[in-house]
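As the structure is a prediction and not an experimental result, all values here were calculated from the model.
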Amino acid sequence: MDDPALLDYIASVQRRLADLLHPMAQRQPHLTVFVCGFEQPSRIWDDDFSQAQFQAQILALHRTCGTSFALPLTAPDSFASAAFVTVGDPQGRLAAWREVLGSESREVRQAAYVPHITLGLYRRRVSAEIVRQRVGEVEAPPAPLRVDSLHYATFDARLQSGPLESRYRLMLDACGNSRGVWSTRCC
């Protein structure tokens, strides 16, 4: 995610809700498409993700990823644990990617998938009434989310808000040419 206007919007909302949110100075704004699990040489546990599964996902995505596009964003909302911006999927592009990724690996997820950009995790218990009032005061982002690449990103699970590391980047407009770029540039 490298749109300056969207990044400014996210930072602005985080400042407005700073008294409610944990600081997330290291975690880059991102849209999670699929939770693969923990990287391991081979699968032993249900939440292990092997190099073979990763390679299978990359090959499947190269065949089906398509071209760049935009996703609509709405005003902030809230889960019990975090404030977020909802990301729409009117053309079903995220759903299609999730299906492709799920055909090669079982997702590690405890709740239903809701496309979103996390603004921050709550630092303390906050009543639903206060959360609704505070996020209700925030306007929607100024523009849609432009999607021109898909990253395989990892993080150190021991660090709640640690940085993401982009291990693979698939450029959408280069799909079909088998051109993916290994990248340390984060999402």
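- Once rounded to the nearest 0.5 Å, the distance linking CH2 of W45 with CD of Q40 reads 11.0 Å.
- Enclosure of atom CD in E129 is not indicated, since only 12 or fewer non-hydrogen atoms of other residues, nucleotides or ligands lie within 6.0 angstrom.
- Counting all heavy atoms, side chain and backbone alike, F34 lies closest to S105 at CZ-O, 3.3 Å.
- Qualifying side chain to side chain donor-acceptor pair (under 3.5 Å) partners for S78, counting only residues two or more places apart in sequence or in other chains: Y122.
- Side-chain contact, D173 with T67: no donor N or O sits under 3.5 Å from an acceptor N or O.
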Subject >> Step-by-step salt bridge (charged side-chain N to carboxylate O under 4.0 Å, His left out) determination, D89 to R98 >> reply: CA-CA 12 Å; D89 186 24; R98 288 179 50 73; over 6 Å; no
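- For E107, the CD atom sits in a packed shell: over 12 heavy atoms of surrounding residues, nucleotides or ligands are nearer than 6.0 Å.
- A82 approaches T118 most closely through the heavy-atom pair CB-CG2, 4.2 Å.
- When all heavy atoms are compared, the tightest approach of V13 to P76 is CG1-CG, 4.4 Å.
- Across A75 and P141, no two heavy atoms sit closer than the pair N-CD, 4.3 Å.
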**OP:** Please step through side-chain contact (heavy atoms from CB on, under 4.5 Å) for the pair V33 and L101, ending with a clear verdict.
**Re:** CA-CA 9 Å; V33 176; L101 293 166; 4.1 Å; yes
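- Taken together through direct or relayed side-chain contacts under 4.5 Å among Ile, Leu, Val, Met, Phe, Trp and Tyr, I117 and F69 form part of one hydrophobic cluster.
- Note: Q14 CD to L119 CG = 6.0 Å, rounded to the nearest 0.5 Å.
- Shortest non-hydrogen contact noted between R124 and L20 is NH2-CD2, 3.4 Å.
- Using a 4.5 Å heavy-atom threshold, the side chains of L145 and L6 count as touching.
- Between the side chains of Q57 and Q53, no donor N or O sits under 3.5 Å from an acceptor N or O.
- Residue pairs meeting the ring pair (Phe, Tyr, Trp, His ring centres under 6.0 Å) criterion with at least one member in residues 99-119, sequence neighbours excluded: F79-H116, F84-H116.
- Residues L61 and E104 have side chains not in contact (no heavy-atom distance under 4.5 Å, counting atoms from C-beta outward).
- The structure places CG of L17 at 9.0 Å from OG of S12, a figure rounded to the nearest 0.5 Å.
- At least one side-chain heavy atom of P23 sits under 4.5 Å from a side-chain heavy atom of R123.
- The nearest pair of heavy atoms linking P90 to G88 is CD-C, 3.5 Å.
- To the nearest 0.5 Å, atoms CG (L31) and NE2 (H151) are separated by 11.5 Å.
- P144 is not listed as a side-chain neighbour of L71, based on a closest heavy-atom distance of 4.5 Å or more.
- Judged by distance alone, with hydrogens and angles left aside, the side-chain atoms of H62 form no donor-acceptor pair with the main-chain N or O of A60 at under 3.5 Å.
- Both V138 and I130 are assigned to one and the same hydrophobic cluster, defined by single-linkage of ILVMFWY side chains at heavy-atom distances under 4.5 Å.
- One distance of note links CZ of R146 with CG of L172; it measures 9.5 Å at 0.5 Å rounding.
- Taking the ring centroids of F38 and F49, they lie at or beyond the 6.0 Å cut-off.
- Annotation: side chain of R106 is in contact with side chain of D46 (closest heavy-atom distance under 4.5 Å).
- Residues Y9 and V85 have side chains in contact (heavy-atom distance under 4.5 Å, counting atoms from C-beta outward).
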Original post:
Step by step, would you call E39 with R167 a salt bridge (charged side-chain N to carboxylate O under 4.0 Å, His left out)?
Top reply: CA-CA 12 Å; E39 291 179 329; R167 298 275 188 86; 2.9 Å; yes
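- No side-chain heavy atom of T154 sits less than 4.5 Å from a side-chain heavy atom of L164.
- Annotation: side chain of R16 is in contact with side chain of E137 (closest heavy-atom distance under 4.5 Å).
- We find the CG-CG distance between D2 and L7 to be 7.5 Å, quoted to the nearest 0.5 Å.
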